[in-house]
S.K.: 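Once you've had a glance at the structure underneath, I'll fire off some questions.
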Amino acid sequence: MSMEMKPVKEGKVREIYDCGDSLVMVATDRISCFDVILKNDVRKKGTVLTQMSRFWFDMTRDILPNHMISVDGKDMPEFFRQPRFDGNSMLCRKLQMLPIECIVRGYITGSGWASYQKSGTVCGIALPEGLKESDKLPEPIYTPSTKAEIGDHDENISYEQSVAHLEKYFPGKGEEYAAKLRDYTIALYKKCADYALGRGIIIADTKFEFGLDEQGNIVLGDEMLTPDSSRFWPAEGYEPGHSQPSFDKQFARDWLKANPGNDWTLPEEIVEKTIGKYLQAYELLTGERL
């Protein structure tokens, strides 16, 4: 057994370990709802998230490079060759992350729908009149936000503000980086959403994060098109005019809402149904069983 390693960064669901010239990103089996980490683990969830990112990273290399080096424990430092890291860990290149969350919306839902009802716009972008909840947009829209410090809410910004925000951190590059982030985000979304639709899944919206490699090239980082970073809906039964069932934490959220005084603990059957949703999304998209 090699030295005990500690994560350098721990999110609600993921842990990042620093391995010198690379990182290992681990997706745990923790689940958070309403910004609270539940007391249950959802077994296999971390593996589904990691393997789903791997699948999309492989599929989109023709658009731009990404940070994935390997998901095989044999390629990682010895510490990661333990059962608890098997399948849920990804060895990644280190990047200098760009301080923008790159959100793309192909359908109108969630906070976008709330905003449209008020003003006919989403993040300042005017949309056609008469859209219904969950309608497909004529074209996907790019709605960046700034990454907030832990505990603050990310702030939606306009494309122009994204130029200014990047310029602050990278003088002389704001315009170039902002345009590339937008164009990559839309291109990635279009390719993957088309593919997913052919497999029975609507990707309503998603977020990407990008960074720079040592040569200053933009590289896709973080996680990619998982149910934690995206809204996946079943194409079967899709019907605008109301909210849609989703392929992620819907069972968990619905149960928590319906059972106040739950102490943030799910019954076993809800845990089973939740992981069932994650596995179903994985199998539909990849055509393989985990």
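Note that the structure is predicted; figures quoted are calculated from it, not measured.
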S.K.: Distance-only criterion, 3.5 Å: show the donor-acceptor pairs between side-chain atoms of residues 124-135 and protein atoms not counting sequence neighbours.
M.R.:
from	atom 1	to	atom 2	distance (Å)
Ser134	OG	His242	O	2.6
Ser134	OG	Gln244	NE2	3.3
Asp135	OD2	Lys132	N	2.7

S.K.: What about Trp56 and Ile103, same hydrophobic cluster or not, with Ile/Leu/Val/Met/Phe/Trp/Tyr joined at side-chain heavy-atom distances under 4.5 Å?
M.R.: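 No, because Trp56 and Ile103 fall into different hydrophobic clusters, even though each may have its own neighbours under 4.5 Å.
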
S.K.: Does anything in residues 275-286 form a salt bridge (charged side-chain N to carboxylate O under 4.0 Å, His left out)? List the pairs, not counting sequence neighbours.
M.R.: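 Those involving residues 275-286 are Glu283-Arg289.
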
S.K.: With the side chain counted from C-beta on, respond yes when Met90 and Val24 share a heavy-atom pair under 4.5 Å apart, and no when they do not.
M.R.: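 They are not in side-chain contact.
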
S.K.: Is there a path from Phe57 to Met52 through hydrophobic residues (I, L, V, M, F, W, Y) whose side chains come within less than 4.5 Å of each other?
M.R.: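 Same cluster.
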
S.K.: Heavy atoms, side chains only, cut-off 4.5 Å: are Thr226 and Ser53 in contact?
M.R.: yes

S.K.: One thing to verify: whether Arg253 and Asp248 come together as a salt bridge, which I'm taking to mean a side-chain N less than 4.0 angstrom from a carboxylate O.
M.R.: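 The answer is yes: the pair qualifies as a salt bridge.
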
S.K.: Please test Lys191 against Asp194 for salt bridge (charged side-chain N to carboxylate O under 4.0 Å, His left out), starting from the C-alpha separation and ending with a verdict.
M.R.: CA-CA 5 Å; Lys191 176 173 185 163; Asp194 279 355; over 6 Å; no

S.K.: Do His67 and Glu209 have side chains that approach each other closer than 4.5 Å (heavy atoms only, starting at C-beta)?
M.R.: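 No, every pair of side-chain atoms sits at 4.5 Å or beyond.
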
S.K.: Any donor and acceptor pair, going by atom type alone, linking the side chain of Thr206 with main-chain N or O of Ser229 inside 3.5 Å?
M.R.: yes

S.K.: Can you list the steps and then say if Leu64 with Val219 is a side-chain contact (heavy atoms from CB on, under 4.5 Å)?
M.R.: CA-CA 7 Å; Leu64 84 162; Val219 176; 5.7 Å; no

S.K.: Check the pair Lys44, Leu290 against side-chain contact (heavy atoms from CB on, under 4.5 Å), reporting the backbone distance first and the verdict last.
M.R.: CA-CA 9 Å; Lys44 278 237 173 84; Leu290 201 60; 3.9 Å; yes

S.K.: Charged N to carboxylate O below 4.0 Å: is that the case for Glu78 and Arg81?
M.R.: no

S.K.: Residues in side-chain contact (heavy atoms from CB on, under 4.5 Å) with Lys257, at least two apart?
M.R.: Phe34

S.K.: Tell me whether Ile202 is reachable from Phe55 by hopping between hydrophobic residues (I, L, V, M, F, W, Y) whose side-chain heavy atoms are closer than 4.5 Å.
M.R.: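 Result: yes, single cluster for both.
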
S.K.: Please tell me if the side chains of Lys39 and Asp263 come closer than 4.5 Å, counting only heavy atoms from C-beta onward.
M.R.: yes

S.K.: Check whether Lys45 reaches the backbone of Arg30 with its side chain - one donor and one acceptor, N or O, closer than 3.5 Å.
M.R.: yes

S.K.: At what distance, to the nearest 0.5 angstrom, does CG of Leu212 lie from NZ of Lys173?
M.R.: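 Those atoms lie 9.0 Å apart.
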
S.K.: Supply the members, apart from Ile37, of the Ile/Leu/Val/Met/Phe/Trp/Tyr cluster built from side-chain contacts under 4.5 Å; use none for a lone residue.
M.R.: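 Other cluster members: none.
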
S.K.: Is a donor on one side and an acceptor on the other found under 3.5 Å between the side chain of Gln250 and the backbone of Phe247?
M.R.: no

S.K.: Do Asn40 and Asp29 make a side-chain contact, defined as non-hydrogen atoms from C-beta onward lying under 4.5 Å apart?
M.R.: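 SC-SC contact between Asn40 and Asp29 ruled out.
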
S.K.: For Ala187 and Ile63, which heavy atoms make the closest approach, and how far apart are they?
M.R.: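 Here Ala187 and Ile63 meet closest at O-CD1, 3.7 Å.
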
S.K.: Name all residues meeting the ring pair (Phe, Tyr, Trp, His ring centres under 6.0 Å) criterion together with Phe210; count only those two or more places apart in sequence or in a different chain, and write none if there are none.
M.R.: none

S.K.: What pairs meet the salt bridge (charged side-chain N to carboxylate O under 4.0 Å, His left out) rule with one or both residues in residues 229-240, with sequence neighbours excluded?
M.R.: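 Every pair satisfying salt bridge (charged side-chain N to carboxylate O under 4.0 Å, His left out) with a residue in residues 229-240: Asp205-Arg231.
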
S.K.: If you measure from the Lys or Arg side-chain nitrogens to the Asp or Glu carboxylate oxygens, is any gap between Glu15 and Lys6 under 4.0 Å?
M.R.: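 Salt bridge absent between Glu15 and Lys6.
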
S.K.: Enumerate, atom names and distances included, each donor-acceptor pair closer than 3.5 Å involving a side-chain atom of residues 267-274, sequence neighbours excluded.
M.R.:
from	atom 1	to	atom 2	distance (Å)
Glu268	OE2	Arg43	NH2	3.1
Glu272	OE2	Arg43	NH2	2.7
Thr274	OG1	Ile270	O	2.7

S.K.: Other hydrophobic cluster members with Leu23, side-chain heavy atoms of Ile/Leu/Val/Met/Phe/Trp/Tyr under 4.5 Å, chained?
M.R.: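 Answer for Leu23: Val8, Ile16, Met25.
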
S.K.: Quick one: do Arg14 and Asp228 make a salt bridge, cutoff under 4.0 Å?
M.R.: no

S.K.: Please name the pair of heavy atoms, one in Leu91 and one in Ser22, separated by the smallest distance, quoted to 0.1 Å.
M.R.: CD1-OG, 3.5 Å

S.K.: Hydrophobic clustering (ILVMFWY, side-chain heavy atoms < 4.5 Å, transitive) - are Ile186 and Tyr107 grouped together?
M.R.: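 Tyr107 and Ile186: one cluster.
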
S.K.: Should Lys207 and Glu223 count as an ion pair when the cut-off is N to O under 4.0 Å?
M.R.: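 No, this pair does not count.
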
S.K.: According to a 4.5 Å side-chain heavy-atom criterion applied to Ile, Leu, Val, Met, Phe, Trp and Tyr, with indirect links allowed, do Ile141 and Leu225 form part of one hydrophobic cluster?
M.R.: no

S.K.: Taking all non-hydrogen atoms of both residues, which atom of Leu166 and which atom of Pro99 are closest, and how far apart?
M.R.: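 Shortest heavy-atom separation between Leu166 and Pro99 comes out as CD2-CD, 3.9 Å.
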
S.K.: Please report the closest heavy-atom contact between Thr50 and Ala27, naming both atoms and the distance.
M.R.: OG1-CB, 3.6 Å

S.K.: Do the ring centers of Phe80 and Phe85 come within less than 6.0 Å of each other?
M.R.: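 Close enough - the centres of the two rings lie under 6.0 Å apart.
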
S.K.: Does Gln117 CD have over 12 foreign heavy atoms under 6.0 Å away?
M.R.: yes

S.K.: Under a 4.0 Å threshold between the charged nitrogen and the carboxylate oxygen, would Lys94 count as salt-bridged to Asp21?
M.R.: no

S.K.: Is a donor on one side and an acceptor on the other found under 3.5 Å between the side chain of Asn259 and the backbone of Leu256?
M.R.: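 The answer is no, because no donor-acceptor pair under 3.5 Å joins these two groups.
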
S.K.: If we only count heavy atoms from C-beta on, is the Pro65 to Arg93 side-chain gap below 4.5 Å?
M.R.: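 Yes. Closest side-chain heavy atoms under 4.5 Å.
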
S.K.: Got a sec, which pairs hit ring-ring contact (aromatic ring centres under 6.0 Å, His included) with one end in residues 268-290, sequence neighbours left out?
M.R.: none

S.K.: Using the test side-chain contact (heavy atoms from CB on, under 4.5 Å), find all partners of Glu167 that sit at least two apart in sequence or belong to another chain.
M.R.: Pro171

S.K.: Taking Val71's backbone N and O only, do any of them form a donor-acceptor pair with Asp75's side chain (distance below 3.5 Å, no angle check)?
M.R.: no

S.K.: Taking atom CD of Glu214 as the centre, report whether more than 12 heavy atoms of other residues, nucleotides or ligands fall under 6.0 Å from it.
M.R.: no

S.K.: On a heavy-atom basis, which atom in Cys33 and which in Leu38 lie closest, and how many Å separate them?
M.R.: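 It is SG-CD1, 4.0 Å.
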
S.K.: Could you check whether Thr47 and Gln51, counting side-chain N and O atoms only, form a donor-acceptor pair closer than 3.5 Å?
M.R.: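 No - no donor-acceptor pair under 3.5 Å links their side chains.
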
S.K.: I would like to know whether Glu101 and Glu155 meet side-chain contact (heavy atoms from CB on, under 4.5 Å); could you show each step before the answer?
M.R.: CA-CA 9 Å; Glu101 306 239 301; Glu155 192 186 340; over 6 Å; no

S.K.: Is the count of non-hydrogen atoms from other residues, nucleotides or ligands lying under 6.0 Å from Asp86 atom CG greater than 12?
M.R.: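 Check fails, neighbour count at 12 or below.
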
S.K.: With sequence neighbours excluded, what pairs up with Glu160 under the side-chain contact (heavy atoms from CB on, under 4.5 Å) test?
M.R.: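 By the side-chain contact (heavy atoms from CB on, under 4.5 Å) rule, Glu160 matches Ser158.
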
S.K.: Does the side chain of Asp222 reach to within under 4.5 Å of the side chain of Phe208, using non-hydrogen atoms?
M.R.: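 Answer no - side chains too far apart.
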
S.K.: Under the side-chain contact (heavy atoms from CB on, under 4.5 Å) criterion, do Trp233 and Ile201 qualify, and how do the steps go?
M.R.: CA-CA 6 Å; Trp233 298 336; Ile201 290 186; over 6 Å; no

S.K.: If every non-hydrogen atom of Val122 is compared with every non-hydrogen atom of Gly112, which pair is closest and at what distance?
M.R.: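 Closest pair (atom of Val122, atom of Gly112, distance): CG2-O, 3.3 Å.
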
S.K.: Going by ring-ring contact (aromatic ring centres under 6.0 Å, His included), name the pairs with one or both residues in residues 171-191, residues two or more places apart or in two chains.
M.R.: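 ring-ring contact (aromatic ring centres under 6.0 Å, His included) check on residues 171-191 returns Phe170-Tyr177.
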
S.K.: Under a 4.5 Å cut-off applied to non-hydrogen side-chain atoms, are Ile157 and Cys123 in contact?
M.R.: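 The answer is no, as the side chains (C-beta and beyond) never meet within the 4.5 Å cut-off.
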
